[in-house]
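Read through the structure below, which is laid out as structure tokens, and then see the notes.
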Amino acid sequence: IYTSAFALFAQRQYAVGGKPFGPEEVGYIFAYTGLLSILFQGGVIGHLVKRFGESVLVPWGFGFSFFGYALLGFFHQPPVLILLLTFSSFGNAILRPTVASLISGQARKNEQGVVLGVAQVMNSLAQIVSPLLAGILIQNSLLVWWALTAAGISLIGLVTTLVTRSGDENDSALSEDTPAPAIRKPS
């Protein structure tokens, strides 16, 4: 929802010298976030994955994205925009490679193509729904709700990841080598 409608959002939410953001300002913002992605993915994320692992980083990625998006609709100052986009860019830089790796790693070797294909289909569906939803929100001047929707999607990812990870930890605690805990009947 962010990428598909940011230009419309920025035009209505931010101004420089009393003039609303236009193509030039939005272009600079996209260049900035693109540069951050290159720097984060090229220089930082690999080291973090080696140190902490993908499954630990994914919730952090969703958390950074949530924080950055959640506050976008509440501020009108371009410097705050830059700060918030730094957070969301860092979160997205974590998410792109780690989620793809985790998705392919969960599938059997002979199913990886199908699993990644399904993930791409889901991404394509999001690219259909997001611009429509964003357009409705922005056209109706619901700018805070546009930002909160982007944040909400990140929050859903965060909660899903934490719940799934918690379930995986419980499953691994009951591996074949570990006896199941005794169940006591109430007296």
Side-chain angles (χ1 to χ4, degrees), residues 1-16 20-22 25-41 44-45 48-49 52 54-103 119-167:
I1 197 163
Y2 165 77
T3 305
S4 66
F6 176 76
L8 296 172
F9 169 79
Q11 179 186 32
R12 289 160 174 82
Q13 185 78 3
Y14 298 100
V16 175
F21 268 33
E25 291 83 7
V26 170
Y28 286 133
I29 293 295
F30 280 138
Y32 172 72
T33 58
L35 178 63
L36 286 179
S37 291
I38 290 169
L39 294 174
F40 290 148
Q41 287 181 0
V44 177
I45 303 304
L48 292 174
V49 167
F52 299 107
E54 291 150 338
S55 62
V56 170
L57 290 179
V58 168
W60 283 98
F62 281 121
F64 278 106
S65 295
F66 169 78
F67 178 77
Y69 294 143
L71 298 177
L72 276 178
F74 296 101
F75 294 95
H76 299 279
Q77 303 83 4
V80 177
L81 169 66
I82 299 296
L83 177 66
L84 294 175
L85 289 179
T86 302
F87 278 98
S88 62
S89 292
F90 184 62
N92 287 325
I94 291 172
L95 291 171
R96 280 187 203 105
T98 55
V99 168
S101 176
L102 287 172
I103 287 172
Q120 281 302 108
V121 167
M122 298 305 289
N123 189 36
S124 295
L125 288 173
Q127 290 176 350
I128 294 168
V129 174
S130 293
L132 296 172
L133 177 59
I136 291 168
L137 293 171
I138 293 171
Q139 181 178 359
N140 290 294
S141 298
L142 300 171
L143 302 179
V144 170
W145 285 105
W146 173 83
L148 290 176
T149 301
I153 293 167
S154 294
L155 183 61
I156 290 168
L158 174 62
V159 170
T160 301
T161 301
L162 293 175
V163 167
T164 303
R165 198 169 89 181
S166 172

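We're numbering straight along the sequence, starting at 1. Everything numeric here is computed off the predicted structure, so don't read it as measured data. No hydrogens, no waters, no symmetry mates; every other heavy atom, side chains included, goes into these values.
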Taking all heavy atoms of [X] and all of [Y], pick out the closest pair and write down the distance.
X      : Y     : result
Pro78  : Phe21 : CG-CE1, 4.0 Å
Pro20  : Glu25 : O-OE1, 4.5 Å
Ser37  : Arg96 : OG-NH1, 3.6 Å
Gln41  : Pro97 : NE2-CD, 3.8 Å
Ala151 : Phe66 : O-CD1, 3.2 Å
Val26  : Ala10 : CG2-CB, 4.1 Å

Give every donor-acceptor pair under 3.5 Å between a side-chain atom in residues 121-129 and any protein atom, sequence neighbours left out.
| unit_1 | atom_1 | unit_2 | atom_2 | d |
| --- | --- | --- | --- | --- |
| Ser124 | OG | Gln120 | O | 3.1 |

Atom [atom1] in [X], atom [atom2] in [Y]: separation rounded to 0.5 Å?
X      : Y      : atom1 : atom2 : result
Leu102 : Thr161 : CG    : OG1   : 8.5 Å
Leu132 : Leu137 : CG    : CG    : 11.0 Å
Ser141 : Leu143 : OG    : CG    : 6.0 Å
Ile45  : Thr98  : CD1   : OG1   : 7.5 Å
Leu133 : Ile138 : CG    : CD1   : 9.5 Å
Leu83  : Gln77  : CG    : CD    : 11.5 Å

Between Tyr32 and Thr86: side-chain donor-acceptor atoms closer than 3.5 Å | yes
Within the distance-only criterion (no hydrogens, no angle test), does the side chain of His76 pair as donor or acceptor with the backbone N or O of Tyr14 below 3.5 angstrom?
-> no
Gln139 side chain to Ile136 main-chain N or O, any donor-acceptor pair under 3.5 Å?
-> no
Verify side chain to side chain contact (heavy atoms under 4.5 Å, CB included) between Leu72 and Phe9, making sure each step is shown before the conclusion.
-> CA-CA 10 Å; Leu72 276 178; Phe9 169 79; 4.1 Å; yes
Trace of the side chain to side chain contact (heavy atoms under 4.5 Å, CB included) decision for Val99 with Ile94 | CA-CA 8 Å; Val99 168; Ile94 291 172; over 6 Å; no
Between Phe67 and Phe87, what is the ring plane arrangement, given parallel below 30°, perpendicular above 60°, and tilted in between?
-> perpendicular
Give me the ring orientation class for Phe6 and Trp146: parallel if the planes are under 30° apart, tilted from 30 to 60°, perpendicular past 60°.
-> tilted
Is any side-chain heavy atom of [Y] closer than 4.5 Å to one of [X]?
X     : Y     : answer
Phe75 : Leu84 : yes
Tyr2  : Leu85 : yes
Leu36 : Phe90 : no

Pairs involving residues 59-71, ordered by first then second residue, that meet side chain to side chain donor-acceptor pair (under 3.5 Å) (sequence neighbours left out) | Ser65-Asn92, Tyr69-Asn92
Partner residues of Ser88 under the side-chain hydrogen bond (donor to acceptor under 3.5 Å, both in side chains) criterion, sequence neighbours left out = none
Dump the intermediate steps for side chain to side chain contact (heavy atoms under 4.5 Å, CB included) on Val44 and Leu39, then the final yes or no.
-> CA-CA 7 Å; Val44 177; Leu39 294 174; over 6 Å; no
